[in-house]
Amino acid sequence: MLFQIQISRMKTSNVIWVGNYSTVVKRDPVLHWSWKSELPLECATHFVRMRSRVDDAKIPEPRFWSNWSSWKEADAQKSLGRDPLFLFPKDKLVEEGSNVTICYMSRNQQDNISCYLEGQQIHGEQLDSNVSAFKLNKVSFIRKTGTNIFCKVDQKDVIKGIVLFVSKVLEEPKDFSCETQDFKTLTCTWDPGTDTSLPKRSSQSYTLFESFSGKKILCEHKNSCNWQVDSDSQEMYNFTLVAENALGNRSVSVLFSLTHRVHPKTPYNLFLKNVSGTKATVTWKVHPIGNYSTLLCQLDLLGEGNVIQQHNVSIKENGEYLLSELEPDTEYMARVRCADANHFWKWSGSISQKFITAEAAPSEALDVWRNVKSVSGRPTVTLFWKPLSKLHANGKILSYNVTVENLDRPSGLEVHSVPATANGTELTLDQDSYQIHVTALNSAGPSPASVIVVSGDPGNEEVEEERVNGTEDGFSVSWKPQSGKAIGYVVEWCDHPQDLPCDLQWKNLSSNTTSTVISSGAFRPGVRYNFRIYEISTERMAYLLEKKAGYLKELDKSACCQHRIDNPEQKTFVMENLQPESVYEFLVTPYTSAGSGPLDAFTKVTTPDEYYLVEKGPYTHTHHPPHDRLRFAHHDHLLPKKSVENPHLTIMNVSDCVPDAIEVIHKPEGSKIQFLGASKSLTETEFTKPAYLYLLPAEKNYSGPGPCICFENLTYNEAAADSGSCGHFPVTPEALPGQPGPLTSPENLLKALEKNYMNSLGETAAGEASLNYVSQLASQMSGDKDSLPANPPEPVLCSEYKMQMAIPLGLASPPPAENSGLSSTTPLDQSEHYR
Amino acid sequence: MRPQLVQRTLLSLVLGLLFLSTAATGKCSGKYHELLQQLQSQADLMQDTSTLLDPYIHFQGLDQAGLKEHCKESPGAFPSEDTLRGLSQRGFLRTLNATLGHVLHRLTALQQDLTIAQDQGRNIRGFRSNIHCMSQLLRGSSEVETAEPTQPGPEATLPPTPSSDTFQHKLQGCRFLRGYHRFMHSAGQVFKEWADSRSRSRSRRHRPPRALQRGARRMRPFRRDERLMPRGQLPQ
């Protein structure tokens, strides 16, 4: 029979739906049919009627409809109570993204009603005088406890609401697959996606159905299910996984052959045995899979985290493989995983084991070099060698053996053992020739010997030095072979020629090489590097072939301690900014338009400890100190302290120097008489000649007056000067121009000091203090205070010291005690020098 | 806000377990003052809306304009503070115990939605253990036991929770918890008066003008129980 059904809303004439329903009508039939209204039935009266006709092909046309039934009314409103307001549907469960219609019904048409969705007012469609409907499109999930929708009667304490439970969309299970580890159980897994559970409503459930066997199980877990394999008879499986919740279901299927879904268990009992320096045997076991299955196992050998060997091994149950080509004393890791050999599906989990190969004797001879010098007339050989790389050491080096054999007078071998921490040793020999063997030892034995022959005769050292220019890549050094019998060459240099030890370096070159580029990360611009090229004879003796010297890059001359003196008549030069108690070397070489002359030997000078340099200069009759007589005496933060024992030129960068004290020299005419009268002459003193005396050729016919020196450190320009008794000298302010600029740079500081000094001299009356020396060093003159003039003529020629700190005026006023290092009003004595 | 909540929850959990343990071992503190202080502290903690009501409101999505104001305590759901004040000490304890019993019952339903309700349940059990101990202390000092009806708890006054109207259920839960916190606040006030009463009586002990003492006694609540307290243990 075919039934046609009509549904009306509010009134019978308002037909809102027409549909057909076909079914087989049996005897005494009670048919059920349902229709779901978008609008909650409580909000409006609905009417339904139907008619029918035969719907059977056996019955010939025409087939006529019956008459319509009478309208049946469905009025849920009648069952409601007397509340003033109702809201429907209550506790509806929908899937996220659905459209939902809600409605309210008010008992009193006069009431003004406002409705809210999660606090936001919503506006609906008025269905009749007291019913309104709201269509919510694509509702979203807000919280598990549901979306709150409520309506209120204005001006009354009436609130009615509903909770719309929005469930997350039930997803189709993803990555559904099944596999077996033992042909007994099939484990199916999947990604369930979003959980659709809500309070008091369970999450989705999963059912596994196998079509060939017709079996079905309810899965206990959300993402996996175990299926028992009954017998060997079923090879093919067709699984359908159905996810289901209150709102619907989703399914996914997979068809496979059981033997193609073998996922072996992780191998076990992985062991290393017979581990030597280069070989090791790996054994492991696997869980058997069925009776006939063969597993393909992959054996990886890892070194430092990288796979360096990979081997495939087919096994039934026990695996074994001999690893070879291993490095001695090296840590490796053996890692094994397996898969079905016939139908690869998935690798099993991996099992791994670390092991260390045994040590082997070092595989390479040491790279040895030597330095021969004469100590107390005896040749002393210093041997240097480079540590063996890990690749060649083949284990932990325990010590080095140095065997010395006298070639001229056969005698027993002399063997020296050198600790592993050393990379060289020193041997005192005689004038004979010696063959020296050096080997490195580890627990497995010695390395091949490195042989070197030395002789007490240093050979020809008188080799002319040539210049070599540095490039970005280093120094390009070339040489001319001499004997034609060389078995190789060695280029030798120091990475840090200023230091002791100078970090001797060498480079071995083959016999057919006549040039090379020497590069080093230690090379610095402005440093002179010396290279010595040796020829190695067939007797393994080294002969000096050539000497080269040069700079990687010569620094700007104004900015380093290489100074150009343009005046050919100038015979003196003041080297400034030297450190006390430091060793310096200098040389002077002429130059012409064609270039510099030969570099002569350096002269070594040592600056004394804590004293102040005084330069004697040409003096004017007006007692005005000449402009060029400001000199640095020493500085604390200048170049790094150097002990320049090495005969190499040291480049000092003046711009890097920050003076912390200066010396101002003034020598009025006649002061010499006064001064010399009060002290020994310079030549008579036992004072070590300070460096600048070497730098500044002494001018001993000094005839100026006694000095008066005032010092001031403007970086501590505290007003502590008033108490001093510094002597002052008339000065013409125009002698020096004003010097603007900050005092932060040495240059500015010097200029400012100069200006200050000059201004002070010019503006302050005699007897007043304006310039003050500030020093953190003890005066060296204290021991000679007795020699100071007891009653110096007026104006008092003096110097004044102050500590390098802010001193309260009251404390600064009185001069320090006589024996104090911070002497005051003291003319320079031994620390003042004349030329 | 959240760390505070966690801290409080943890605290209540610890306290709850502590008092549960006390009750389980059956050992009660015999020190009135100590017990009273504990009850006061627990009442202070339990009256704090951040322990239960605030999380509930947030969890149910009731923290919206237009809804909050409908989360008011239903009249008569819990005994008022005046009612509690009017009770004797033991009557008060009985009412407190019975009311909290009903609260526990209701919280069991809430536990499905709100995990912290479980923690509060433990706290209430611990509190009831202390009520039990206080009752024992008072009973031990009693010479005469006077029967007094227990004030109606929330179960008697609240309609059963409707099962099909979740919205109403949410609001009722909110109102219930609001009433609970208010009730615990009132209970805390009563305990505070107990403590104040003891302090006053101590100070009077040093200055015992009889007439004044009698007059004061007439003014103070719990007159009947005071008569029953052993000397030196309970307020005089």
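Within every chain, numbering begins at 1; the chains are lettered A, B, ... in the order of the sequence lines, protein sequences first and strands thereafter. The basis for the numbers below is simple: all heavy atoms, side chains too, and nothing from hydrogens, waters or symmetry mates. Owing to the predicted nature of the structure, the values given are computational and were not obtained by experimental measurement.
A donor and an acceptor atom, one from each side chain of A:Ser106 and A:Asn130, are nowhere located under 3.5 Å apart.
Using a 4.5 Å cut-off between heavy atoms, B:Leu171 contacts chain A through its side chain alone, with no backbone atom that close. Heavy atoms of A:Ile159 lying under 4.5 Å from chain B belong to its backbone as well as its side chain. Both the backbone and the side chain of A:Glu118 come within less than 4.5 Å of a heavy atom in chain B. For chain A, the nearby part of B:Lys72 is the side chain; its heavy atoms alone come within less than 4.5 Å.
Of the residues considered (A:Thr147, A:Asn148, A:Ile162), A:Asn148 shows the highest number of contacts with chain B, using heavy-atom pairs under 4.5 Å.
Residues A:Tyr104 and A:Phe88 keep their aromatic ring centres 6.0 Å or farther apart. Ring centroids of A:Trp33 and A:Phe3 are separated by 6.0 Å or more, keeping the two rings apart.
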**Q.** Evaluation steps, salt bridge (Lys or Arg N to Asp or Glu O under 4.0 Å), between A:Lys160 and A:Asp83
**A.** CA-CA 10 Å; A:Lys160 289 286 178 178; A:Asp83 286 358; 2.7 Å; yes

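Here A:Asp157 does not pair with A:Lys152 in a salt bridge; the nearest charged N to carboxylate O distance is not below 4.0 Å.
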